[in-house]
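Heads up, the thing below is written out as structure tokens.
Remember, it's 1-based here, ligands and their atoms both numbered in the order they're listed. Any value given below was found using the heavy atoms of this structure, including those in side chains, with hydrogens, waters and symmetry copies removed.
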Amino acid sequence: MRPAPTKAIRDLAQGGVARLLGGALLLLMPLVLPATALVGQLDHKLFDLRAESASRRASDRFVFLAIDKESLDHVGTWPWPRSVHAAVVDALVAAGAADIFLDIDFSTPSTPAEDEKLAAALARAGGGVILPVFEQHQNIRGADSVEVTRPIPLLGENAWLAAANVRLDGDGSFRAFDAGLTLDGQLLPSASVLLSGVADPEISELGIDYSIRPETVAAFSVADLLRGEVDADLLAGRSIVVGAYATELKDLFPVPVYGILSGPMLHILAAETLLQNRLPWTIPAWPGGLLIALAFVVGAGALRRWRLAVTIPAILALALAIEGAGYALQKEWSLQLPSATFHLMLMAGFAILLLQKIGFGVWLLEIASAERRNTRRILKRVVNDSADAVIIVSEEGLILDHSRAAARLFGASHELRRGEDFRIAAPAQLAEAFARLHHASAEDGKPLPTVQDEFTISPDGEPLHLEATLTMSRLEDVTAESEFRKFFVACITVRNVTARKTYEAKLRRLSQLDDLTGVLNRREIATRLAQSVREGRTMAVVALDLHRFATVNATFGRGTGDQLLRAVAKRLMAGCRKISIEPAHAFVARLGSDVFCLAVALDPEEGLDGLPVAVLALFEKSLDARGAKIHVDVRMGACLVAGVDPAAAIDGAELALDEAKKIGGSGWSIYEPAAALEQARKMRIEHDMRRALREEQFFLLYQPQVDLETGKLVGAEALIRWRHPEMGLVSPSDFIEVAESNGFICNIGRWVLAEACSAASAWPTELSVAVNVSALQFAKGDLCADVRHALAVSGLDPHRLHVEVTESTFLLDPTRLLAALHDLKSMGVGTALDDFGTGYSSLSYIARFPFDKIKVDQCFVRGIVVRPESQAIVRSVTSLAEGLGMTVVCEGIEEEAEWRMLAEFGCQQGQGYYFGKPQTADELMTLAGQAGSGVRATA
Ligand code: C2E
Ligand code: MG
Ligand code: MG
């Protein structure tokens, strides 16, 4: 069991420790205090007061013969001629003085005659005159450079020498003389000792008893003596001290009780002190002090029991008694009682007693409880004034306290009152949160829990968003005597966050909407679309653009333009809910200036069918913008979302919209992922083509051409290939069309001609090379110049080169084609009409254009063996060609049977996989070498 801290405090209250401390303090005081300057000064003050109040008369033994102002005036000069002093001595001797002390500095010689006169007077006095010797500091700085000031030898030899050193006290007052002074190894007694005739070798310091009043010492002016006006009786048998009194002579000393006294008077008072046996002696403070301390410690019990009305007078009486004793001791025996220490001890003792009496611990407790009261008051204030609702609930669920805000917050239905059960009074959500907290805090060994919750209540119909924090605190019951009882209280803080929530919702809405029209923005429609798709709906996106919106802006002004956009948004919003199979999953957004986006849920069976028409129908009626009736045409791109990421679907719809824009007026296009991929691939090809030519990514393969009758190799067709660094091998059917669409085919064609000619120039001379030439090379480029250049550079015989053109070439300027063909012919270059039968060629063309060869397209060759119509076509082409003197070349021969039949029909030449696939020039040459008589066995 732990002892209650209150017990220790109670002990303290009973004063055990305080008494102990107090006793120790009191015992120390008499040992320490007297040594302190302050107490020393207090004691001196008391000594002086006693001396003053117990004053006494001087004896008649001493007479002060003063060199006063009058005396100085009488002689008229200072220092006096030594003869004046001699006269004084003589007069005193004549009057019958007992001792004479000339308290005058004779340390420097005067005129020899004057000195002699005084010396003589001293001698006449019988050598008993006393002259002063004193130690004097040589300069203001040095304490150690002390010089003894003594009468000149002539005078000293005829007199007694006496020490006249004064001692200044710590407080700057003069209180004592040195008892003597060692001079030349001999001890000179103090003047006062000589004058009084009382000597005590034990004493080194002669204190002065200032209770002897200076004014009771007989005093005369030297002037009176010199004028013979002093009655000899007053001097006879007395000790006479002659010395300075006039202020001008500066022989003055600060003293206690009387303020200032002259040096000679001090000597007289010191001598009187000795004579009256009143040498002051200070009693040590500690024995008395210890007595008082002991008395306090021993009598503490009794003292505490006394009432203050008794204790205070008792202590005062004790102080007075001490003071009375001090007075008596000093008056009777000149014993100085250092009572300041005693008085201070009495005061300290009284203070300790007082503390014990009112109880130190009680006092501490009083302070502590005042602090607690204050803290409680502040806490209560803080809780009460808090803007949040604060509720303190006991472990048992009772409301201990709550803030004013708490009483108001939950409205009339949940008014909180102290002492009520919180679980019943509070809103259900909060009561539940409290139950959770209670449950969590019951788990042993775990840190005390905190529960946070957010909920909404509607006390007055209006929803209130509340945020609650519930914390458990462990408290100890300090009022229990034996052991501390631990218990819990819950602090529940509820904050009304309605304003914040509303603001957040507003911000969220603003961040989701398009400023101008109030429909969604791109990010938000993508988010909602994704959500609808996640929930398993088939969604479609339509990107929609207003045709000639710029004209509306220019004609009616921007304001009307904006109004029109708002009207479109409104119509779309109303319309899309009808189009969508679920109105809740129909969204409208604005993507750009006049581009809108719809997202609607569709019947998966129907897909996009009907969607564009339904949207177009929304714009059949004109729109109202600032009073103007405006009819708008829209173009649309639509895209199905299923499986595609929503942002990509919106992009797809926009791509489709781009397609639709190529058509004038209202129209639509549907986004096909494959077509889009193809388009992207084309764009890539177009982009990479130029670099490919520069970096030599193009190369040529050669497909063997044979004589169908003999099967002998007669030449090869050059076919271009592109080795793309990322896409791999790209076929000409993929890039020739693109190159034709942007005109780059002319550059490629030029390179093919040069490359093919250069390769063929290395072949056996009986082999020819056929090069495909695009129609555009005739139209945009200068084909003949390119051919000429290629031949010139390679040195190839023009007869070994054939140029193949397709039927599409006829779509160009036929005159120009004809001229070019003639040019080529005149150069000796052969010409061939490629892919005959697939395009526009009519028989009349063949007759008009001077081709050397007609290449029958592979679609007629394929399956010719079993297709009589193909056989008929090939037969008639062959006979026509024969008539025109042209050679027939058959493409795509893959089977031996095809070859046999074509040879039989009279076709002269052929090419196809049967004879050889497109291959490298080296492979072709190997083939040419191997074949000997033919590429294949002859028919
Ligand atoms: P084309 O001039 O009619 O070339 C013949 C095409 O048929 C070649 O396709 C060739 O590989 C293919 N072929 C040949 N024998 C057979 C066969 O037995 N069976 C099958 N299924 N196909 C066969 P390729 O190389 O893809 O060329 C396609 C077209 O690209 C060419 O048709 C030509 O019009 C064009 N082309 C090729 N190279 C060039 C060129 O350098 N310049 C220009 N302007 N066009 C070229
Ligand atoms: Mg060809
Ligand atoms: Mg062809």
Side-chain angles (χ1 to χ4, degrees), residues 685 689 692-693 697-706 708 715-723 729-760 768-781 783 786-787 790 801-809 812 830-839 841 851-865 877 888-899 902 909-920 923-924 935-936:
I685 284 173
M689 222 179 295
L693 191 62
Q697 291 170 12
F698 292 115
F699 64 97
L700 295 180
L701 292 181
Y702 300 93
Q703 184 170 37
Q705 290 179 325
V706 297
L708 287 184
E717 181 181 1
L719 294 162
I720 191 167
R721 296 289 180 270
W722 177 5
R723 188 173 289 114
L729 215 54
V730 186
S731 134
S733 46
D734 287 334
F735 67 86
I736 292 294
E737 194 189 321
V738 180
E740 283 175 336
S741 70
N742 67 12
F744 193 63
I745 190 67
C746 296
N747 303 46
I748 295 177
R750 202 174 301 128
W751 175 82
V752 174
L753 270 170
E755 176 70 17
C757 291
S758 134
S768 63
V769 67
V771 174
N772 293 285
V773 167
S774 163
L776 229 70
Q777 283 173 270
F778 289 96
K780 292 261 163 74
L783 178 74
D786 292 344
V787 169
L801 175 67
H802 287 266
V803 170
E804 293 186 7
V805 297
T806 57
E807 292 172 284
S808 63
T809 318
L812 297 167
T831 54
L833 177 62
D834 204 353
D835 303 341
F836 181 77
T838 55
S841 44
F851 289 108
D852 298 307
K853 291 182 180 176
I854 292 178
K855 292 187 79 175
V856 176
D857 193 76
Q858 34 182 300
C859 65
F860 302 107
V861 177
R862 189 92 56 257
I864 193 166
V865 183
V877 172
V888 174
V889 185
C890 291
E891 295 186 82
I893 301 170
E894 292 183 356
E895 318 258 328
E896 194 182 341
E898 290 165 359
W899 168 27
L902 290 168
Q909 290 179 1
Q911 64 181 93
Y913 292 169
Y914 180 74
F915 301 109
K917 289 197 169 180
Q919 49 200 281
T920 61
E923 286 166 338
L924 183 78
V935 173
R936 291 268 171 180

Which of parallel (below 30°), tilted (30 to 60°) and perpendicular (above 60°) describes Trp722 and Phe735? perpendicular
Any Tyr913 side-chain heavy atom under 4.5 Å of Gln703 side chain: yes
Under 2.8 Å from the Mg ion (ligand 2), which protein atoms of type N, O or S occur, listed by chain and number? Glu717 OE2, Asn772 OD1, Glu804 OE1, Asp834 OD2
For Asp834 and Val805, run side chain to side chain contact (heavy atoms under 4.5 Å, CB included): C-alpha distance rounded to whole Å, both residues' side-chain angles, the deciding distance at 0.1 Å, then the answer. CA-CA 5 Å; Asp834 204 353; Val805 297; over 6 Å; no
Separation between CD1 (Ile736) and CD1 (Ile720), nearest 0.5 Å, reads 5.5 Å
Leu833 to Thr806 - nearest heavy-atom pair and separation: CD1-C, 4.1 Å
Below 30° counts as parallel, above 60° as perpendicular, anything between as tilted: where do the rings of Trp899 and Phe915 land? perpendicular
How about Thr920 and Glu923: does a side-chain donor come under 3.5 Å of a side-chain acceptor? yes
How close do Met689 and Ala739 get, heavy atom to heavy atom, and via which atoms? SD-CB, 3.6 Å
Closest heavy-atom contact between Ala775 and Glu740? N-OE2, 4.5 Å
Around ligand 1, what residues show up once you keep those with a heavy atom under 4.0 Å from it? Gln703, Glu717, Leu719, Ile720, Arg721, Pro732, Val752, Asn772, Val773, Ser774, Glu804, Asp834, Asp835, Gln858, Arg862, Glu891, Gly892, Ile893, Glu894, Gly912, Tyr913, Pro918
